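The basis for the numbers below is simple: all heavy atoms, side chains too, and nothing from hydrogens, waters or symmetry mates. Since we're looking at a predicted model, the values are computed, not measured.
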Amino acid sequence: MAYAIQTSALTKYYGKARGIIDLSLAVEEGDFFGFIGPNGAGKSTTIRTLLGLLSPTGGTAEIFGKEISAHQTELLADVGYMPSEAAFYPNRKVREIIRLSADLRGGARRRDCAPEAARLCERLKLDTEKKVRELSLGNRKKVSVVCALQHRPRLCILDEPTSGLDPLMQREFYQILEERNREGATVFLSSHALSEVQRHCRHAAVIREGRLLASDTIENLGHAGVKRVTVRGLHEPPRLETVRNVRRSGDTMTFLYSGSPRKLLTALAALPLADVTIAEPDLEEVFMHYYAPEGHGQRPEPDKEEP
């Protein structure tokens, strides 16, 4: 099995501050992979360390089976990287920025970029004669997309790529990625937009406070032993350690549960509830389950007053 990305116990500290800890991740070539976590979870640190832009404190990172620290220049020639926030020379025109990005790759790679850059600019409706300082956030994001994809990389690493893009451009952007993926490129993107990950990715990993919590298919993550339980007629959830994300509306209470089904049913049977429904959660609810701190959410939130 060939891997586009593989890390083993990858660790990065900023002095005494945590970046990522013992992160072991494997992304197969040709996959469309989501990296899920809120701001501060360690997504960008993982990506920058993986690309050799940060030096790891410990562990290893490989791209296409080669250690990034020893083969960085060679490997990055086949990578398209889009940072979450890209900074460009404000007084340069868009076409100059795109050409500069291509020139940095050198030789034949630069000459091959121009036709693809033109196609991407047309699809994204990007005016290449404007100066960077005249662009909106969304249009600066489009410049970043073109710079990352114009050389048709084997591996696309995209950090929060759709923030700032309007819905129509988000759809076009994902169509471009899906086309590249069908042609064989590996797509690895970080996001906290779970609906995007669920819609487009085949596999995903969840990161929390610098540590990898889970890595699996989207389908399995959505059914990772977590159930959505809805009960009517209770004021408190059952006293179980694995109850999370409790919500209440009127006489109806919903919570996430992971644990023994028998323990759940036994606990519910002992309570004076009026009705109960147990269902599969969606990916966003699973994400909240992973991110609820220990003990958090066992008390229901109070009812909100109607305006």
Side-chain angles (χ1 to χ4, degrees), residues 4-5 7 10 12 14 17 19-20 23 25 27 32-56 61 63 68-69 72-73 75-90 92 94 96-105 109 113 116-117 120-121 124 126 131-133 135-166 169-170 172-174 176-177 180-181 185-193 196-197 200-201 204-205 207 210:
I5 295 172
T7 69
L10 190 63
K12 174 63 181 177
Y14 301 96
I20 52 175
L23 193 143
L25 182 67
V27 178
F32 203 126
F33 197 99
F35 196 40
I36 309 170
N39 293 335
K43 301 189 304 297
S44 294
T45 296
T46 300
I47 288 173
R48 291 169 187 165
T49 307
L50 174 67
L51 293 173
L53 304 177
L54 295 174
S55 298
I63 292 178
I68 185 68
S69 59
Q72 185 180 22
T73 301
L75 292 172
L76 293 188
D78 283 325
V79 175
Y81 169 50
M82 181 178 172
S84 56
E85 296 180 7
F88 302 109
Y89 297 112
R92 302 293 290 271
V94 168
E96 294 174 321
I97 295 295
I98 293 171
R99 177 62 180 265
L100 174 61
S101 175
D103 285 346
L104 291 174
R105 299 188 177 278
R109 286 187 175 276
C113 289
E116 184 62 21
L120 289 170
C121 289
L124 295 171
L126 179 60
K131 292 185 175 180
V132 169
R133 59 181 168 80
L135 300 179
S136 64
L137 171 62
N139 281 317
R140 289 199 302 273
K141 205 74 170 181
K142 294 177 187 178
V143 177
S144 189
V145 171
V146 176
C147 289
L149 301 182
Q150 63 176 331
H151 63 296
R152 303 191 69 84
R154 288 173 60 197
L155 172 60
C156 306
I157 297 182
L158 314 164
D159 194 359
E160 300 285 358
T162 58
S163 60
L165 293 179
D166 64 50
M169 284 299 104
Q170 288 184 25
E172 186 66 32
F173 170 73
Y174 275 111
I176 292 169
L177 290 187
R180 296 292 180 87
N181 184 241
T186 304
V187 178
F188 180 91
L189 64 89
S190 76
S191 181
H192 56 254
E196 292 181 0
V197 172
H200 300 286
C201 298
I207 187 172

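Atom NE2 in His200 sits 9.5 Å away from atom CZ in Phe173 (nearest 0.5 Å). A distance of 10.0 Å separates CD in Gln150 from CZ in Arg99, rounded to the nearest 0.5 Å. Atoms CG and CG, from Leu50 and Leu155 in turn, are 7.5 Å apart once rounded to the nearest 0.5 Å. Between atom SG of residue Cys201 and atom CD1 of residue Ile36 there is a gap of 7.5 Å, rounded to the nearest 0.5 Å.
Applying the salt bridge (Lys or Arg N to Asp or Glu O under 4.0 Å) test to Arg180 and every residue at least two apart in sequence or in another chain returns Glu116. For the side chain to side chain contact (heavy atoms under 4.5 Å, CB included) test, residues two or more places apart in sequence or in another chain that qualify with Asn139 are Leu126, Leu135, Ser136, Lys142. Partners of Glu85 under the salt bridge (Lys or Arg N to Asp or Glu O under 4.0 Å) rule, at least two apart in sequence or in another chain, do not exist in this structure.
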Derivation and outcome, side-chain contact (heavy atoms from CB on, under 4.5 Å), residues Tyr81 and Ile47: CA-CA 9 Å; Tyr81 169 50; Ile47 288 173; 3.6 Å; yes
Assess the residue pair Thr7 and Thr46 against the criterion (side-chain contact (heavy atoms from CB on, under 4.5 Å)); give the C-alpha distance rounded to whole Å, side-chain angles, the decisive distance to 0.1 Å, and a yes or no. CA-CA 10 Å; Thr7 69; Thr46 300; 5.7 Å; no
Intermediate values then yes/no, side-chain contact (heavy atoms from CB on, under 4.5 Å), Lys141 and Met82: CA-CA 9 Å; Lys141 205 74 170 181; Met82 181 178 172; 3.7 Å; yes
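When every heavy atom of Pro90 is checked against every heavy atom of Lys131, the shortest pair comes out as O-CB, 4.0 Å. Among all heavy-atom pairs drawn from Ala205 and Leu25, the shortest one is CB-CD1, 3.8 Å.
Side-chain contact between Thr162 and Tyr174 is present, with at least one heavy-atom pair separated by less than 4.5 Å. The side-chain heavy atoms of Phe33 and Ile5, taken from C-beta on, include no pair separated by under 4.5 Å. The shortest distance between side-chain heavy atoms of His151 and Cys113 falls below 4.5 Å. Phe88 places a side-chain heavy atom less than 4.5 Å from the side chain of Ser144. In this structure, the side chains of Tyr89 and Val132 stay at 4.5 Å or more apart for every pair of heavy atoms. Considering only heavy atoms from C-beta on, Cys121 comes within 4.5 Å of Ile98 through its side chain.
For the side chain to side chain contact (heavy atoms under 4.5 Å, CB included) test with Ile63, the passing option among Leu51, Thr186, Val27 is Leu51; the others fail.
Classification of the Phe188-Phe35 ring pair by plane angle, with boundaries at 30° and 60°, yields tilted.
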